[in-house]
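The next block holds one structure in the form of structure tokens; read it before the comments.
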Amino acid sequence: MTANPNALEHDGQDSNLHDTLKYSLLGPSLTKSGQDSVDQKKVSDIIYDASKGSKFFAHEENRDKLLTVKIERILEKKARLEKLNLTRDQKKADEYVAELELSRDLTQTVVHVDCDAFYAAVEELDRPELKLVPFAVGKGVLTTCNYHARKFGCRSGMAGFVAKKLCPQLIQLPLNFEKYTAKAREVREIISQYDPRFESASIDEAYLNITAYCESNSIRPEEAVEQLRKEVHEKTKVTISAGIAANTKLAKICSNINKPNGQYRLQNDRGAIMTFMDTLPTRKVNGVGRVFERELDAVGVKTCGDIYQYRQYLSKLFGEKAFKFLIQCYLGLGRTDTQPAEEYERKSIGTESTFADLSGHNGLCDKLEKTAQELEKDMVKAQFKGKTLVLKVKLHTYEVLTRQVIPPKAVYLAGDLYKYSLPMLSKLEQEFKGLTLRLMGLRCTHLVTMKKPDPLAFFGYPKVRNSPASSGPASESNESKGEPVETGGSSSSGVWPSEDFEEAAKDEYQEELEELEILSQLEELESQQFNEGKLDSETKPESGGLVKEAAREASSASASVEKGKGQLKRGRHDSGKSRSGLKDDPKQTRLSFN
DNA sequence: ATACATACC
DNA sequence: AACTGGTATGTAT
């Protein structure tokens, strides 16, 4: 608690730096469960000492200073605003509040379920003796740890060697992604019975709308969720925690309250919700991270209730999106609908890896090639090409740079990925003499599907499925040849001249070839995986065994299969906002204008 | 459009 | 010594 910068933000000038830095070094999951009884002061000192003097530390220190400067500027701006007449802004805020209030929907019951220390729980199933000792999953960095380990201050996201300082007897297991995805599937199968349209928020989290379930079974939400949790525990042997509330934002917060293996319901009652939000620290809201928390704290907003009294400043201080997000936090509003995985389309595919400091043209090119090969695998699995290619590097100083290009055609093959990213790398080498990297990554965005074309296209109904030029193999083929889709002219008419028909047939043929290519590569992948067995995923992440299934699920981002890469896969739009959950809730917005 | 930053697990 | 990886989305320019 002492390391919380909030208490020290305004007074002293210099000692703050270390406090905010220490707070930051505590890591992003500080607010998460299992840390209540831990002496955070002691923990932060140990982390601080362990990190001190490293390049990582220097970088963190630098970032911390930059944020401090940024916050100073925000405060200056606020001071200027205080001298102005902001009645217009206040009116605007009040109007927005009123508008949102009209749209408040308390008819729905939303549940957020979250598996407790999921990876650790799964590992304990195989090795029950682990229950008795502190252990973590993840070698270089902990992805999760059991509650024994948390008592020592260990947390997800923490460097392994730091965790060992806090808890020398800590056991670290390598990740075994296949095991986790298999178990996650078991859990999902059960929750799908309560809401077939449930939304996977990550491998171990989901949102359900149980309104219909409760209605048709004449059961109270609390009972339904008790039953769900019991069923999950009995059938899968993992425990889950749940939050029950009127919308996803509230449910998410509530699922943390009685973790582990508990649930909490916030009644669908406006007064109860307002009271709940009033004292809720901003950081508890999904979308408010360490940075935004500090910025808000600096201007006087510590809890969601505090938002109201500063409403006239927020838009100018943090931007329109943040303003809307914050007002919705104040009111405790959020989505009531869920987005099933099948209806979700991913927007980018990428891979990156960290390695020992690397410099020199040849070595870097080599690494780029490896990275390109990794990405090709993922692109093939997902059956996408990318119109934009992004190179990401992290210098040995931990500074991150990105560069992007739009190749003449959509790309997915390692050769192309390499060919078009190499110039970016070379330019960086010129820009930064003696370029030394600790990470390299490639990512494709503006994806286009490589799925089989609609057979109907052959019969002169080319544009059944998609909005113009967005996706669909026909347009994609055009792009592959570097021709703007619009110039095709064929598809819009609905009747194809023979010339265009030939063109289409050619495309079709090409698709077939690509299809074959994909299949053969899939075979390759599968046999590869078969041979890989369970390698330490730090160096060689294996993907979930069912490659073809992954390919089928492709764009659905079913929050499960595909990647053996990341630890916790995010596949959601709801929580991935940048500085906050600033994205307006689409439904809210729409409702409010109805 | 590009680069960077923040956030989530 | 040692501090992740994948995806999304915000702001600034």
Side-chain angles (χ1 to χ4, degrees), chain A residues 25 27-29 32 47 50-51 53-57 59-60 63 66-67 70 114-115 118-119 137-144 156-165 175 177 180 200-205 252 283 285-295 318-322 325 344 346-357 374-375 378 382 387-388 390-392 394 398-406 424 438-439 441-447 537-539 541 557 559 562-584:
Chain A
L25 286 169
S29 63
K32 309 304 177 197
I47 297 175
S51 308
S54 67
K55 289 183 208 166
F56 174 80
F57 183 88
H59 182 252
E60 288 299 303
R63 281 171 40 118
L66 286 173
L67 178 56
K70 186 182 172 196
D114 192 341
C115 302
F118 184 55
Y119 294 178
V137 182
K139 285 284 177 67
V141 166
L142 316 189
T143 63
T144 192
S156 64
M158 184 175 276
F161 76 94
V162 174
K164 280 278 195 184
K165 292 230 157 141
L175 285 153
F177 223 83
Y180 315 141
S200 293
S202 73
I203 189 170
D204 70 337
E205 279 180 50
K252 167 84 178 164
R283 186 69 154 80
V285 180
N286 201 336
V288 179
R290 281 178 291 179
V291 172
F292 200 22
E293 176 192 33
R294 262 191 72 187
E295 292 175 2
F318 301 114
E320 186 70 8
K321 288 261 168 52
F325 169 77
Y344 178 77
R346 69 202 294 190
K347 297 179 176 59
S348 77
I349 300 172
T351 182
E352 66 187 54
S353 63
T354 299
F355 37 78
D357 285 3
E374 284 302 311
L375 182 53
D378 295 343
K387 293 203 264 191
T388 305
V390 187
L391 172 70
K392 171 180 171 179
K394 197 186 277 180
Y398 287 84
E399 188 184 350
V400 175
L401 306 169
T402 62
R403 296 291 183 269
Q404 55 180 303
V405 284
I406 302 174
M424 296 191 279
R438 78 183 322 274
L439 171 148
L442 282 176
R443 175 169 299 277
C444 285
T445 64
H446 299 107
L447 302 178
S537 65
E538 273 180 26
T539 48
E562 35 214 28
K563 295 270 150 189
K565 298 200 141 34
Q567 6 268 53
L568 297 163
K569 179 175 180 302
R570 288 204 65 255
R572 206 60 290 128
H573 56 299
D574 168 56
S575 50
K577 288 114 212 178
S578 117
R579 90 111 64 78
S580 53
L582 320 152
K583 197 176 93 179
D584 316 338

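Throughout, protein chains are lettered first and strands after them, A, B, ... in sequence-line order, and every chain is numbered starting at 1.
For A/Lys392, the salt bridge (charged side-chain N to carboxylate O under 4.0 Å, His left out) test picks out A/Glu352, with sequence neighbours left out. Every residue two or more places apart in sequence or in another chain was checked for a side chain to side chain donor-acceptor pair (under 3.5 Å) with A/Arg290, and none qualifies. Residues forming a ring pair (Phe, Tyr, Trp, His ring centres under 6.0 Å) with A/Phe118 (at least two apart in sequence, or on another chain): none. Under the side chain to side chain donor-acceptor pair (under 3.5 Å) criterion, A/His446 pairs with A/Thr388, not counting sequence neighbours. A search for ring pair (Phe, Tyr, Trp, His ring centres under 6.0 Å) contacts involving A/Phe56 returns A/Tyr398, not counting sequence neighbours.
Shown here is A/Arg63, whose CZ atom has no more than 12 heavy atoms of other residues, nucleotides or ligands within 6.0 Å.
Distance OH (A/Tyr180) to C1' (C/dG5): 15 Å, rounded to an integer number of Å. When rounded to the nearest whole Å, the span between CG of A/Asp357 and C1' of C/dA2 equals 11 Å. Taking atom CZ of residue A/Phe325 and atom C1' of nucleotide C/dT11, one finds them 16 Å apart after rounding to whole Å. Remark: P of B/dT6 and CG of A/Asn286 are 17 Å apart, rounded to the nearest angstrom. In this structure, A/Met158 atom CE and C/dA2 atom P are separated by 17 Å, rounded to whole Å. Rounded to an integer number of Å, the gap from NZ of A/Lys139 to C1' of C/dC3 is 16 Å. Counting to the nearest Å, the P atom of B/dA5 and the NZ atom of A/Lys392 are 11 Å from each other. Per the geometry, OH belonging to A/Tyr398 stands 13 Å off P belonging to C/dA1, to the nearest Å.
Nearest nucleotide to the A/Lys347 side chain, out of B/dT6, C/dG5, C/dT9: C/dT9. Listed nucleotides B/dC9, C/dA2, B/dT6 differ in distance to A/Ser54; the shortest reach to its side chain belongs to C/dA2. When distances are taken from the side chain of A/Ser51 to each of B/dA7, C/dC3, C/dG6, the shortest belongs to C/dC3. Each of C/dA8, B/dA7, C/dG6 was ranked by its minimum atom distance to the side chain of A/Glu352; first place goes to C/dG6. You'll find that the side chain of A/Leu439 is closest to C/dG5, out of C/dG5, B/dC9, C/dG6. When distances run from any side-chain atom of A/Thr354 to the nucleotides B/dA7, C/dG5, C/dG6, the shortest one goes to C/dG5. Across B/dC9, C/dG10, C/dC3, the shortest atom-to-atom separation from the side chain of A/Lys321 is found for C/dG10.
The CG atom of A/Leu401 sits 11.5 Å away from atom NZ of A/Lys394, with the distance rounded to the nearest 0.5 Å.
Distances shown here put a side-chain N or O of A/Lys252 below 4.0 Å from the OP1 or OP2 atom of B/dC9. OP1 or OP2 of C/dA8 sits under 4.0 Å from a side-chain N or O of A/Tyr344. Within the structure, a side-chain polar atom (N or O) of A/Thr351 is placed less than 4.0 Å from OP1 or OP2 of C/dG6. Phosphate proximity of C/dT4 to A/Arg438: present, with a side-chain N or O under 4.0 Å from OP1 or OP2.
With hydrogens and angles disregarded, a donor-acceptor distance shorter than 3.5 Å links the side chain of A/Thr143 to the backbone of A/Val137.
When heavy atoms are screened at a 4.0 angstrom cut-off, A/Glu205 is found touching the sugar-phosphate backbone but no base atom. Nucleic acid contact for A/Arg290: sugar-phosphate only, since backbone atoms but no base atoms lie under 4.0 Å from a heavy atom of the residue. Nucleic acid contact for A/Phe57: none, since no nucleic acid atom lies under 4.0 Å from a heavy atom of the residue.
If A/Phe355 and A/Ser348 are placed on DNA chain C by their nearest nucleotide, the residue sitting closer to the 5' end is A/Phe355. Each of A/Leu66 and A/Asp114 was matched to the nucleotide of DNA chain B holding its nearest heavy atom; the match closer to the 5' end belongs to A/Leu66.
By the 30° and 60° cut-offs, the orientation of the rings of A/Phe292 relative to A/Phe318 is perpendicular.
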Any protein N or O atoms within reach of nucleotides 1-4 of chain B? Criterion: under 3.5 Å, listing atom names and distances.
unit_1 : atom_1 : unit_2   : atom_2 : d
B/dA3  : OP2    : A/Gln404 : N      : 2.7
B/dC4  : OP2    : A/Thr402 : N      : 2.9
B/dC4  : OP2    : A/Thr402 : O      : 3.1
B/dC4  : OP2    : A/Arg403 : NH1    : 3.1

